[in-house]
Colleague: 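First, the structure itself, so that you have it in front of you.
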2 protein chains.
Amino acid sequence: MAIDPLDARILLALDDDPDATTLGVARRLGVARNTVQARLKRLATSVLRGFGQRVDPAALGYPLVAFVSLRISQSSQVQAVAGLAELPEVIEVHATSGDADLLLRVVARDTAHLYRLTNRITNVPGVQRSDSAISLTELLPARTRPLLERLAQEQ
Amino acid sequence: MAIDPLDARILLALDDDPDATTLGVARRLGVARNTVQARLKRLATSVLRGFGQRVDPAALGYPLVAFVSLRISQSSQVQAVAGLAELPEVIEVHATSGDADLLLRVVARDTAHLYRLTNRITNVPGVQRSDSAISLTELLPARTRPLLERLAQEQ
DNA sequence: GGTGAAAGGTCATTAAG
DNA sequence: CTTAATGACCTTTCACC
């Protein structure tokens, strides 16, 4: 299920203009409309993630982002993750190298909210130690464009 | 520029079915099509991020995710970030609390690629010390749904 | 390529802050 | 009085087979 250069160019065109139509993309790339149509249908079930990825938590009233690393008692990993999943502010959970460590991305309304949130996190059963780093600025906003541009030039 | 419950419900409907049409969403929510149309137009310039956010790097051939924290000599922050931005595999850069520290999200094709990548990162001018944590599993995939559901029930 | 369907625009009316 | 939602109409444009 590899991505070829045309797939990448289609995705880049949509990145330039998220509201571009299938026909518009086809014209821009100089290919048949049906080609783009078939490609997008396939891409939608492979490389495209849900619409929720386009929603910016900051614009929802949660401007603070923090990364919290947790030490978990290895016996209760599953239970701990289930507990964390019940907190809406926990946006993402990764199991990281090192033993029984989790890395969370959390969002909060303000610093007071973040403080209460970290307290709730450390109270989740199985959580042993926590260490959080607040994101002061997103110096480089999440991007996939450079990867797509590289794929678009390949062959 | 706050989000009201109807906005949240529109976004949730699109999260359920990313290909839903404006009219479809309107029917589902029991509101007029023009309402959804006007809301989406406004949301597109406030809470919705670019299409690139929907592209999954893993599906592009970069299945490895790692979080790299860097110590930067404070005088050369700008220069360091510029250098990092030239690496396509660097997906995200945050300035974090603590002094002159950066947190990066990077992707790689395999462990060998990741090894070379971290070497290139530490060679970026201004970078002093690096510490990376590989994501073994994404236990909780990035989500905004719980936040939207909370907003949808408010008021 | 043809056809059914939706987008996008405008407007007058109505409701609510 | 201002902002927003609504329903109606229209034309253009697209997705799908």
Side-chain angles (χ1 to χ4, degrees), chain A residues 1-63 109-110 144-145 148-149 151-152, chain B residues 1-56 59-60 144-145 147-155:
Chain A
M1 193 67 88
I3 285 355
D4 71 14
L6 181 55
D7 289 325
R9 288 168 62 211
I10 291 172
L11 294 173
L12 281 169
L14 284 171
D15 190 41
D16 284 337
D17 177 13
D19 296 324
T21 170
T22 307
L23 184 57
V25 173
R27 278 196 286 249
R28 175 168 169 180
L29 300 183
V31 296
R33 332 79 218 270
N34 283 343
T35 305
V36 176
Q37 193 170 325
R39 299 272 184 144
L40 271 180
K41 189 171 185 176
R42 181 171 51 83
L43 291 173
T45 61
S46 56
V47 332
L48 288 182
R49 294 183 289 197
F51 180 86
Q53 304 293 339
R54 288 194 55 190
V55 176
D56 182 10
L60 258 39
Y62 299 81
R109 294 193 171 282
D110 49 52
T144 52
R145 194 158 234 287
L148 287 174
E149 285 170 349
L151 288 170
Chain B
M1 193 67 88
I3 285 357
D4 72 13
L6 181 54
D7 289 326
R9 288 168 62 213
I10 292 173
L11 294 173
L12 281 169
L14 283 171
D15 190 42
D16 283 337
D17 178 12
D19 297 324
T21 170
T22 306
L23 182 58
V25 172
R27 277 196 287 249
R28 175 169 169 180
L29 300 183
V31 295
R33 179 185 58 97
N34 279 348
T35 304
V36 176
Q37 193 169 329
R39 299 274 185 144
L40 273 180
K41 187 172 186 175
R42 181 169 51 82
L43 291 173
T45 62
S46 56
V47 333
L48 288 182
R49 293 181 290 196
F51 180 86
Q53 304 292 339
R54 288 194 55 192
V55 176
D56 182 10
L60 258 38
T144 52
R145 194 159 232 287
L147 297 177
L148 287 174
E149 285 169 350
R150 171 184 289 180
L151 287 171
Q153 287 166 7
E154 272 180 12
Q155 195 182 7

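Every chain is numbered from 1 and lettered A, B, ... according to where its sequence line falls, protein lines coming before strand lines. What you see is a predicted model; the values in this text were computed from it and never measured.
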Colleague: Identify all pairs in which a protein N or O lies below 3.5 Å from an N or O of nucleotides 8-12 of chain D, and state each distance.
Modeller:
{"residue": "D/dA8", "atom": "N6", "partner": "B/N34", "partner atom": "ND2", "Å": "3.0"}

Colleague: Check whether more than 12 heavy atoms from other residues, nucleotides or ligands sit under 6.0 Å from atom CZ of A/R33, and answer yes or no.
Modeller: no
Colleague: Would you tell me if any nitrogen or oxygen in the side chain of B/R27 comes within less than 4.0 Å of OP1 or OP2 on C/dA6?
Modeller: yes
Colleague: Output the rounded distance in Å from CG (A/D19) to P (C/dA6).
Modeller: 18 Å
Colleague: I need the CG-P distance between B/L40 and C/dG9, as an integer number of Å.
Modeller: 13 Å
Colleague: Sub-3.5 Å donor-acceptor pair from the side chain of A/D15 to the main-chain atoms of B/G52, do we have one?
Modeller: yes
Colleague: Hey, is B/D19 close enough to A/K41 for a salt bridge, meaning N to O under 4.0 Å?
Modeller: no
Colleague: Could you walk me through whether B/D4 and B/R9 satisfy the salt bridge (Lys or Arg N to Asp or Glu O under 4.0 Å) test, starting with their C-alpha distance in whole Å, then the side-chain angles of each, then the deciding distance to 0.1 Å, before giving a yes or no?
Modeller: CA-CA 9 Å; B/D4 72 13; B/R9 288 168 62 213; over 6 Å; no
Colleague: Tell me: CG of B/L29 to P of D/dA5, nearest whole Å?
Modeller: 13 Å
Colleague: Heavy atoms from C-beta onward define the side chain here; which of D/dC16, C/dA6, C/dG9 lies closest to that of A/Q37?
Modeller: D/dC16
Colleague: Specify the separation, in whole Å, of atom CG of B/L6 and atom P of C/dG17.
Modeller: 15 Å
Colleague: Is A/T21 near enough to D/dA15 that one of its side-chain N or O atoms lies under 4.0 angstrom from OP1 or OP2?
Modeller: yes
Colleague: Of the nucleotides D/dG7, D/dA5, D/dA15, which one has an atom closest to the side chain of A/L23?
Modeller: D/dA15
Colleague: With respect to the phosphate group of D/dC14, does any side-chain polar atom (N or O) of A/T22 fall under 4.0 Å of OP1 or OP2?
Modeller: no
Colleague: Atom CG of B/D4 to atom C1' of D/dA4: distance rounded to whole Å?
Modeller: 11 Å
Colleague: What do the steps show when you test A/Q37 against A/N34 for side chain to side chain contact (heavy atoms under 4.5 Å, CB included), and what is the final call?
Modeller: CA-CA 5 Å; A/Q37 193 170 325; A/N34 283 343; 3.8 Å; yes
Colleague: Send over the distance from A/D17 CG to D/dC14 C1', rounded to a whole Å.
Modeller: 15 Å
Colleague: Taking atom C1' of C/dG8 as reference, at what distance in whole Å does atom CZ of B/R42 sit?
Modeller: 18 Å
Colleague: Are any side-chain N or O atoms of A/R54 and backbone N or O atoms of B/R49, one a donor and one an acceptor, separated by less than 3.5 Å?
Modeller: yes
Colleague: Are any of the side-chain heavy atoms of B/D7 and B/V47 separated by less than 4.5 Å?
Modeller: no
